[in-house]
Peer 1: 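First the structure, then my questions, so here it is.
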Amino acid sequence: MKAFLCFFIGLYGSFCFGQLDANETNRSLIDKTNGIDTAYIEDISDKFIVKLNRDSKIDFYTIKTGGFPSVSIAPNTTNNFCFGLDYKFIGFSIGFPKKWYENTDSHGLKGKTTAFSIGFSLFFNKFLQTFNYNMAKGYYIKESEYFVPNWQEGITPYIQFPNFKSTRFSTTTSYIMNGNKFSYRSFSQQTQIQKKSAGSLIPSLTNEYLYTSDNVEGFSDKKHKLKLSSTLFVGYQYNWVIIKNLNFSSGIFPGYGWGYVKNFEPDNLPEKTYWEEKWALNFNANLNYQWKNLFFGVQFSSLNHFTKEDDSKINNTINYENIYIGYQFNSPKRIEKYVNWIEKKLF
C-alpha cells in the first residue's frame with residue numbers, strides 16, 4: 001500500500017508542473033461548442049450510449065477502540081448489476097433488483113442485505129455535478145471470532161445486524177482545470193475519447209447526508225445517527241493513452257471537512273449533538289478500450305473517511321469495483337431535439 005501511495009504522490013507532483021503548459025492551447029484546434037482541444041480529445045457525446053455494469057460496492061465501517069483489535073461491520077453484498085445511459089452532458093445509472101440474480105447461499109452465515117443505488121451526473125464545460133443515493137440494510141461483523149467461542153469460518157454464523165440500515169445521499173461539484181485537453185468523460189461516461197495523454201488538477205466539494213439506524217433490544221425506539229457533512233477534495237487525475245483507443249486513467253484525491261452529528265440511543269439519553277472533524281482519501285484506477293462503437297473496461301475506486309468518536313477511531317470505506325461493456329448508437333431524433341434545446345438554454 002505504501003508503494004502504491006508513493007506512486008500516486010509522485011504522479012501528483014510530476015504533473016502539477018505540467019498544468020501551466022496545458023493551458024497554452026493552440027486556439028486553432030479548439031472546438032468552440034465543447035471548449036476542447038481536438039488534438040487531445042475526440043467528442044462523441046452526440047452518440048446515445050447504453051452500458052451494462054457488473055459492479056461491487058461495499059460500504060463498511062472499521063472501528064478501532066483503545067488496545068482492542070479493529071472490528072469491521074459490513075453488508076453481505078455480492079456482485080450487482082447496473083444499467084446506464086449517457087448522452088451529451090447527462091449520465092444516469094440504476095441498479096437492478098437483487099432478487100433477479102442474487103445467490104442466497106451466504107444468507108445463513110452472514111445474513112441478508114437489501115441494497116439499492118441510483119446515480120445522476122451533469123457536465124457543464126469544465127464543471128461536473130454528480131448526485132448519488134445509496135441504501136443498504138443488513139450488516140454483519142467480519143471478526144465474529146473475537147466474540148463467539150469456538151467460531152469456525154464457513155460453519156459458524158457471523159454476528160448479524162439484520163435491521164442495521166445505512167442511507168446516504170451525496171452531491172459533488174468538481175472543476176476540471178485542464179478540461180480542454182484532459183477528458184474526464186473518457187473513463188467515466190465514454191462520451192469522449194482521449195487521443196493524447198493529459199492530466200488535470202481537480203478540486204471538488206462533496207456535501208453528504210448519512211443516516212444510520214438499528215433496533216435496540218427492549219426498546220421500541222431505534223437508535224440512529226444523522227450526519228450532515230461537507231468535504232473539500234483537491235487531487236490530480238491523469239489519462240495515459242497506452243495505444244490508440246486503449247486508455248489507463250488514475251488519480252488520488254485527499255480531502256478535509258467537517259460534519260454536524262445528531263446521535264440518539266434510547267438506552268443512553270439524552271440525544272447528543274456535536275461537530276466532527278473528517279479526513280478523507282479517494283483514489284481510483286480505470287482501464288478502458290474502444291473498438292468502433294463497442295467499448296469495455298474495468299474500474300476500481302476506494303473512498304475513505306476517517307473520524308474520531310470518543311475513544312474510537314472510525315474509518316468508513318466505500319470500495320467500488322466495476323466491469324462494464326457498452327455500445328454507442330445514433331441518438332433518437334426526438335431525444336436529440338429535446339436535449340439540444342436544454343443544452344442551448346444552459347450553455
Peer 1: Side chains of F83 and N53: does their closest heavy-atom pair fall under 4.5 Å?
Peer 2: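 No, too far: nothing below the 4.5 Å cut-off.
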Peer 1: Name the one of K195, Q189, Q192 that satisfies side chain to side chain donor-acceptor pair (under 3.5 Å) with S183?
Peer 2: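 Answer to the side chain to side chain donor-acceptor pair (under 3.5 Å) test with S183 among K195, Q189, Q192: Q192.
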Peer 1: What do the steps show when you test F60 against I73 for side-chain contact (heavy atoms from CB on, under 4.5 Å), and what is the final call?
Peer 2: CA-CA 6 Å; F60 66 95; I73 303 174; over 6 Å; no
Peer 1: Do F296 and N288 make a side-chain contact, defined as non-hydrogen atoms from C-beta onward lying under 4.5 Å apart?
Peer 2: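 F296 vs N288: side chains apart.
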Peer 1: Just wondering, do K262 and E271 contact through their side chains at under 4.5 Å, heavy atoms?
Peer 2: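 Of all side-chain heavy-atom pairs linking K262 with E271, at least one is under 4.5 Å.
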Peer 1: Decide whether Y87 and F127 are clustered together by the hydrophobic rule: side chain heavy atoms of Ile, Leu, Val, Met, Phe, Trp, Tyr closer than 4.5 Å, transitively.
Peer 2: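 Yes.
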Peer 1: Give every residue pair that meets the side chain to side chain donor-acceptor pair (under 3.5 Å) criterion with at least one member in residues 161-172, sequence neighbours excluded.
Peer 2: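 Found D59-R168, R168-E208, R168-N316, T172-T206.
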Peer 1: Between K222 and D214, is any pair of side-chain heavy atoms under 4.5 Å apart?
Peer 2: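 They are not in contact (no side-chain heavy atoms under 4.5 Å apart), so the answer is no.
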Peer 1: Side chains of Q328 and Q290: do they bring a donor and an acceptor to under 3.5 Å?
Peer 2: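 A pair is found: one side chain offers a donor N or O, the other an acceptor, under 3.5 Å apart.
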Peer 1: Linking Ile, Leu, Val, Met, Phe, Trp and Tyr through side-chain heavy atoms less than 4.5 Å apart, which residues share a cluster with Y324?
Peer 2: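 Answer for Y324: I49, F295.
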Peer 1: Within this structure, what is the CG-NZ distance for the pair N315 and K308, rounded to the nearest 0.5 Å?
Peer 2: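 Nearest 0.5 Å value for the CG-NZ distance: 15.0 Å.
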Peer 1: Quick check on the hydrophobic clustering: are V148 and Y158 connected, directly or via other members, by side-chain heavy-atom contacts under 4.5 Å?
Peer 2: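 Looking at the clustering, Y158 is in the same group as V148.
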Peer 1: What pairs with W279 under side-chain contact (heavy atoms from CB on, under 4.5 Å), at least two apart in sequence or on another chain?
Peer 2: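 Expected list: Y256, E277, F306.
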Peer 1: May I have the list of side-chain donor-acceptor pairs in residues 131-142 shorter than 3.5 Å, sequence neighbours left out?
Peer 2:
| from | atom 1 | to | atom 2 | distance (Å) |
| --- | --- | --- | --- | --- |
| N134 | OD1 | K57 | NZ | 3.4 |

Peer 1: Has the side chain of Q237 got a donor or acceptor atom that lies under 3.5 Å from a matching backbone atom of N239?
Peer 2: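 Not a single qualifying donor-acceptor pair exists.
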Peer 1: Judged by atom type as modelled, is there a donor-acceptor pair below 3.5 Å linking the side chain of S204 to the main-chain atoms of S174?
Peer 2: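 Pair absent, no side-chain N/O of S204 close to backbone of S174.
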Peer 1: If you measure from OG on S188 to CG on L128, what distance do you get to the nearest 0.5 Å?
Peer 2: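 Rounded to the nearest 0.5 Å, the OG-CG separation comes out at 7.0 Å.
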Peer 1: Give, for atom CZ of F123 and atom CG of D86, the distance between the pair rounded to the nearest 0.5 Å.
Peer 2: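 Answer for the CZ-CG pair, F123 versus D86, is 9.0 Å.
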Peer 1: Between I242 and W291, is there shared hydrophobic-cluster membership here, with clusters defined by ILVMFWY side-chain heavy atoms closer than 4.5 Å?
Peer 2: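 Hydrophobic grouping puts I242 with W291.
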Peer 1: Between F48 and F120, is there shared hydrophobic-cluster membership here, with clusters defined by ILVMFWY side-chain heavy atoms closer than 4.5 Å?
Peer 2: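 Same cluster: F48 reaches F120 through Ile, Leu, Val, Met, Phe, Trp or Tyr contacts under 4.5 Å.
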Peer 1: Classify the ring geometry of Y236 against Y238: parallel below 30°, tilted from 30° to 60°, perpendicular beyond 60°.
Peer 2: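 The arrangement is parallel - the two ring planes meet at less than 30°.
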Peer 1: Donor-acceptor pairs are to be reported for all side-chain atoms of residues 225-234 against protein atoms at under 3.5 Å, with residues two or more places apart or in another chain.
Peer 2:
| from | atom 1 | to | atom 2 | distance (Å) |
| --- | --- | --- | --- | --- |
| K225 | NZ | E309 | OE1 | 2.6 |
| K225 | NZ | E309 | OE2 | 3.3 |
| K227 | NZ | E276 | OE1 | 3.2 |
| S229 | OG | K278 | NZ | 2.9 |
| S230 | OG | N207 | OD1 | 2.5 |
| T231 | OG1 | K278 | NZ | 3.3 |

Peer 1: Determine whether Y289 and N245 satisfy the following criterion, side-chain contact (heavy atoms from CB on, under 4.5 Å), listing intermediate values before the conclusion.
Peer 2: CA-CA 6 Å; Y289 182 75; N245 297 331; 4.1 Å; yes
Peer 1: Compare all side-chain heavy atoms of V298 with those of N286 and state whether any distance is below 4.5 angstrom.
Peer 2: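 V298 vs N286: side chains apart.
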Peer 1: Out of curiosity, does W240 fall in the hydrophobic cluster containing I202 (side-chain heavy atoms, cut-off under 4.5 Å, transitive links)?
Peer 2: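 Shared cluster, yes.
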Peer 1: Nearest 0.5 angstrom please: S144 OG to K110 NZ, how far?
Peer 2: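 Reported value, rounded in 0.5 Å steps: 10.0 Å.
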Peer 1: If you take all heavy atoms of A198 and F182, which pair is closest and at what distance?
Peer 2: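 Where A198 meets F182 most closely, the heavy atoms are O-CD1, 3.4 Å.
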Peer 1: May I have all residue pairs that pass side chain to side chain donor-acceptor pair (under 3.5 Å) and include part of residues 294-306, sequence neighbours excluded?
Peer 2: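 Passing the test, one end in residues 294-306: Q299-N322, S302-N304, S302-N319, N304-T317.
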Peer 1: Are N76 and K112 close enough, and set up right, to give a side-chain hydrogen bond (donor to acceptor under 3.5 Å, both in side chains), and what steps lead you there?
Peer 2: CA-CA 6 Å; N76 180 20; K112 180 181 178 181; over 6 Å; no
Peer 1: Taking all non-hydrogen atoms of both residues, which atom of S121 and which atom of T130 are closest, and how far apart?
Peer 2: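 Looking at all heavy atoms of both residues, the closest pair is CB-CG2, 3.9 Å.
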Peer 1: Distance from N284 atom CG to S249 atom OG, nearest 0.5 Å?
Peer 2: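 Answer for the CG-OG pair, N284 versus S249, is 6.0 Å.
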Peer 1: What is the minimum heavy-atom distance between F164 and T212, and which atoms define it?
Peer 2: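 In terms of heavy atoms, the two residues are closest at CZ-CB, 4.1 Å.
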Peer 1: Answer yes or no: is there a donor N or O on one side and an acceptor on the other, between the side chain of Q190 and the main chain of F187, under 3.5 Å?
Peer 2: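 Confirmed, Q190 side chain pairs with F187 backbone.
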Peer 1: For S70 versus T62, what's the shortest heavy-atom pair and its separation?
Peer 2: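 Here S70 and T62 meet closest at CB-CG2, 4.0 Å.
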Peer 1: With no hydrogens and no angle check, is any side-chain donor or acceptor of T65 less than 3.5 Å from a backbone partner on S312?
Peer 2: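 Looks like no, no N/O pair under 3.5 Å.
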Peer 1: If you draw a 6.0 Å radius around CZ in F169, do more than 12 non-hydrogen atoms from other residues or ligands fall strictly inside?
Peer 2: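 Result for CZ/F169: enclosed.
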Peer 1: I want to check a possible cation-pi pair here: K196 against Y40, using under 6.0 Å from ring centre and within 45° of the ring axis as the test.
Peer 2: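 Checked: cation-pi criterion met.
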Peer 1: What distance separates L201 CG from F253 CZ, expressed to the nearest 0.5 Å?
Peer 2: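 Answer rounded to 0.5 Å: 9.0 Å.
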Peer 1: Before you tell me yes or no, could you show the steps for V241 and L246 under side-chain contact (heavy atoms from CB on, under 4.5 Å), namely the whole-Å CA-CA distance, both residues' side-chain angles and the distance that decides it to 0.1 Å?
Peer 2: CA-CA 6 Å; V241 181; L246 179 62; over 6 Å; no
Peer 1: Walk me through whether T173 and Y175 qualify under side-chain contact (heavy atoms from CB on, under 4.5 Å).
Peer 2: CA-CA 7 Å; T173 304; Y175 181 71; over 6 Å; no
Peer 1: Are L281 and I252 packed together at the side-chain level, in the sense that at least one heavy-atom pair is separated by less than 4.5 angstrom?
Peer 2: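 A side-chain contact exists here, since the closest heavy-atom pair is under 4.5 Å.
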Peer 1: Between F147 and P149, what is the shortest heavy-atom contact and its length?
Peer 2: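 For F147 and P149, the tightest heavy-atom pair comes out as O-CD, 3.7 Å.
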Peer 1: Once you measure the plane-to-plane angle for F300 and F283, does it fall in the parallel (<30°), tilted (30-60°) or perpendicular (>60°) bin?
Peer 2: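 Ring orientation of F300 relative to F283: tilted.
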Peer 1: Any chance CH2 of W151 has more than 12 other-residue heavy atoms, nucleotides or ligands included, within less than 6.0 Å?
Peer 2: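 Yes, enclosed.
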Peer 1: Write down the atom of R185, the atom of S45, and the distance for their closest heavy-atom approach.
Peer 2: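 For R185 versus S45, the nearest heavy atoms are NH1-CB, 4.2 Å.
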